[in-house]
Amino acid sequence: MGFADQRFNVNLSILFTELPLLERPAAAAAAGFTAVELWWPWIDSPTPERSELDALKKAIEDAGVQLTGLNFYAGQLPGPDRGALSVPGEESARFRANIDVAAEFAQSLGCKALNALYGNRVDGADPAAQDALALENLVLAARAADRIGAILLIEALNRPESPLYPLVSAPSAIDVVDKVNAATGLGNAKFLMDLYHLSMNGEDLPSVIDRYAARTGHVQIADNPGRGAPGTGSLPLEELLDRLRKAGYDGWVGLEYKPGDRPSAEAFAWLPREAR
């Protein structure tokens with residue numbers, strides 16, 4: 001087994017960002033990839049103009065790549081925010097306004113996975129009230145995903161880089177997955193297993209894989225330390241992905257790493273072109 005046995009897609013919100021958004025799908029295709037994923041590209045607008053949505057759709061289609069993952073609106077990301085759905089007031093409203101827009105865009109491109117970042121704790125807000133709001137919004141998102149035949153992803157981040165984000169372990173994210181599925185009865189909420197974030201939290205990655213592979217809807221990777229390409233840090237990513245495959249995970253693996261001080265097109269030497 002090894003990297004050649006995986007299905008990799010490129011996250012165009014962290015790789016190829018030296019290019020304008022509409023040029024990134026073609027750049028990923030030129031690098032040999034057939035699939036891409038995105039954070040919500042319009043960080044200031046949960047409901048962008050139809051012309052902007054259509055332009056990105058055309059760029060993805062013209063490049064001949066498949067959109068395999070899309071984040072719902074998550075506030076300023078990259079930036080200080082880590083999602084909007086548990087943030088009372090305007091941000092929660094913006095998330096709700098985005099749900100159908102994001103789902104419709106995903107459906108138009110055959111995308112079957114929508115990621116809903118939970119959001120930071122807010123000074124002065126009751127954590128229990130934030131969690132109740134989060135569940136309300138995640139239920140709405142799960143139902144929208146179900147309408148287009150997609151799954152809803154719940155992601156754990158890491159405490160050092162996201163100290164206000166409450167889901168900073170695999171069990172904490174799985175707990176939310178369970179609550180959403182219990183509330184909807186749909187069973188389409190899944191765990192997004194980001195091996196970089198979990199390693200930053202000091203989790204036992206083989207154990208996490210063994211316990212939660214069957215509950216996992218998507219996997220993302222970067223090496224640690226540094227959040228660079230595989231081989232730039234010390235994580236045994238090839239072994240971990242092999243373990244995931246043996247545990248039954250056969251979905252996409254998102255490349256969500258920083259290219260470093262080089263063009264993104266030069267950040268894939270670790271992966272033979274025929275394996276992309």
Set of side-chain contact (heavy atoms from CB on, under 4.5 Å) partners for Asp175, sequence neighbours left out: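 For Asp175, the residues satisfying side-chain contact (heavy atoms from CB on, under 4.5 Å) (neighbours in sequence not counted) are Lys179.
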
Hydrophobic clusters here meaning ILVMFWY residues chained together by side-chain heavy-atom distances under 4.5 Å, can you tell me if [X] and [Y] are in one?
{"X": "Leu133", "Y": "Leu138", "value": "no"}
{"X": "Leu19", "Y": "Leu22", "value": "yes"}
{"X": "Leu135", "Y": "Leu186", "value": "no"}
{"X": "Val10", "Y": "Phe8", "value": "yes"}
{"X": "Leu114", "Y": "Leu53", "value": "yes"}

With sequence neighbours excluded, residues passing salt bridge (charged side-chain N to carboxylate O under 4.0 Å, His left out) with Glu155: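 Salt bridge (charged side-chain N to carboxylate O under 4.0 Å, His left out) check on Glu155 returns nothing, list empty.
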
Residue list, salt bridge (charged side-chain N to carboxylate O under 4.0 Å, His left out) with Glu23, at least two apart or on another chain: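 None.
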
Are any side-chain N or O atoms of [X] and backbone N or O atoms of [Y], one a donor and one an acceptor, separated by less than 3.5 Å?
{"X": "Asp242", "Y": "Gly2", "result": "yes"}
{"X": "Lys190", "Y": "Ala214", "result": "no"}
{"X": "Thr216", "Y": "His218", "result": "no"}
{"X": "Gln66", "Y": "Gly110", "result": "yes"}
{"X": "Arg94", "Y": "Asp44", "result": "yes"}
{"X": "Asp223", "Y": "Gly233", "result": "yes"}
{"X": "Asp81", "Y": "Ala74", "result": "no"}
{"X": "Arg245", "Y": "Gln6", "result": "no"}
{"X": "Gln220", "Y": "Gly254", "result": "no"}

Stepwise side-chain contact (heavy atoms from CB on, under 4.5 Å) test for Thr68 and Arg7: CA-CA 11 Å; Thr68 56; Arg7 294 194 297 161; over 6 Å; no

With a 4.5 Å cut-off on side-chain heavy atoms, are [Y] and [X] touching?
{"X": "Asp194", "Y": "Leu198", "result": "no"}
{"X": "Phe3", "Y": "Val253", "result": "no"}
{"X": "Leu140", "Y": "Leu85", "result": "no"}
{"X": "Val168", "Y": "Met200", "result": "no"}
{"X": "Leu167", "Y": "His197", "result": "no"}
{"X": "Leu195", "Y": "Leu241", "result": "yes"}
{"X": "Arg215", "Y": "Tyr249", "result": "no"}
{"X": "Arg24", "Y": "Thr17", "result": "yes"}

Could you pull out every donor-acceptor pair under 3.5 Å between side chains of residues 117-129 and any protein atom, sequence neighbours left out?
from	atom 1	to	atom 2	distance (Å)
Tyr118	OH	Asp131	OD1	2.7
Asn120	ND2	Pro80	O	3.2
Arg121	NH1	Asp131	OD1	2.9
Arg121	NH2	Asp131	OD1	3.1
Arg121	NH2	Asp131	OD2	3.2
Asp126	OD1	Ala128	N	3.0

Candidate pair Leu56 and Leu38, rule side-chain contact (heavy atoms from CB on, under 4.5 Å), full reasoning: CA-CA 11 Å; Leu56 180 56; Leu38 280 163; 3.9 Å; yes

Between CG on residue Asn98 and OG1 on residue Thr47, distance to nearest 0.5 Å: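 Asn98 atom CG to Thr47 atom OG1 measures 8.0 Å (nearest 0.5 Å).
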
CG-NZ distance between Asp62 and Lys57, expressed to the nearest 0.5 angstrom: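 Interatomic distance, Asp62 CG to Lys57 NZ, rounded to 0.5 Å: 10.0 Å.
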
Side chains of Asn71 and Asn115, donor plus acceptor under 3.5 Å: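 There is such a pair (donor and acceptor under 3.5 Å, judged by atom type) between the side chains of Asn71 and Asn115.
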
Donor-acceptor side-chain pairing of Asn137 and Arg96 below 3.5 angstrom: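 Asn137 vs Arg96: donor-acceptor pair found between side chains.
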
Chi angles and distances behind the side-chain contact (heavy atoms from CB on, under 4.5 Å) call for Leu67, Val36: CA-CA 5 Å; Leu67 181 68; Val36 299; 4.1 Å; yes

Worked check of side-chain contact (heavy atoms from CB on, under 4.5 Å) between Leu205 and Leu235: CA-CA 10 Å; Leu205 298 182; Leu235 278 185; 4.0 Å; yes

What are the two closest heavy atoms between [X] and [Y], and how far apart are they?
{"X": "Ala142", "Y": "Asn188", "value": "O-ND2, 3.0 Å"}
{"X": "Ala103", "Y": "Ile148", "value": "O-CD1, 3.4 Å"}
{"X": "Ala29", "Y": "Arg273", "value": "O-NH2, 4.4 Å"}
{"X": "Arg143", "Y": "Ala183", "value": "NH2-O, 4.3 Å"}
{"X": "Ala144", "Y": "Ile99", "value": "CB-CG2, 3.4 Å"}
{"X": "Leu70", "Y": "Ala102", "value": "CD2-O, 3.7 Å"}

Pairs touching residues 128-149 that satisfy ring-ring contact (aromatic ring centres under 6.0 Å, His included), sequence neighbours left out: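 Listed once each, the pairs would be none.
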
Residue pairs passing the ring-ring contact (aromatic ring centres under 6.0 Å, His included) test where at least one lies in residues 155-191, sequence neighbours excluded: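 As it turns out, there is no ring-ring contact (aromatic ring centres under 6.0 Å, His included) pair with a partner in residues 155-191 once direct neighbours are skipped.
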
Basic-acidic side-chain contact under 4.0 Å: Asp100, Arg147: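 Looking at Asp100 and Arg147, the cut-off is met.
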
Arg82/Glu161 ion pair, N-O < 4.0 Å: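 A salt bridge is absent here (no side-chain N lies under 4.0 Å from a carboxylate O).
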
Which residues share a side chain to side chain donor-acceptor pair (under 3.5 Å) with Asn224, sequence neighbours left out: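 Checked Asn224 against side chain to side chain donor-acceptor pair (under 3.5 Å); matches are Ser199.
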
Distance-only criterion, 3.5 Å: show the donor-acceptor pairs between side-chain atoms of residues 257-264 and protein atoms not counting sequence neighbours.
from	atom 1	to	atom 2	distance (Å)
Tyr257	OH	Ala267	O	2.7
Tyr257	OH	Trp270	NE1	2.9
Arg262	NE	Pro259	O	2.7
Arg262	NH1	Glu266	O	3.3
Ser264	OG	Phe16	N	2.7
Ser264	OG	Glu18	OE1	3.0
Ser264	OG	Glu18	OE2	3.3

Residues which pass ring-ring contact (aromatic ring centres under 6.0 Å, His included) with Phe95, listed by chain and number, not counting sequence neighbours: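 Per chain and number, Phe95 pairs via ring-ring contact (aromatic ring centres under 6.0 Å, His included) with Phe72.
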
Partner residues of Tyr196 under the ring-ring contact (aromatic ring centres under 6.0 Å, His included) criterion, sequence neighbours left out: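 For Tyr196, no residue satisfies ring-ring contact (aromatic ring centres under 6.0 Å, His included) once neighbours in sequence are set aside.
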
Residue pairs involving residues 225-237 (criterion side chain to side chain donor-acceptor pair (under 3.5 Å); sequence neighbours excluded):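 Sorted pair list: Arg227-Glu256.
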
Heavy atoms of other groups near Gln76 CD, more than 12 under 6.0 Å: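 Correct, the count exceeds 12.
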
Co-members of the apolar cluster containing Leu192 [side chain, <4.5 Å]: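 Besides Leu192, the hydrophobic cluster comprises Ile151, Leu153, listed by chain and residue number.
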
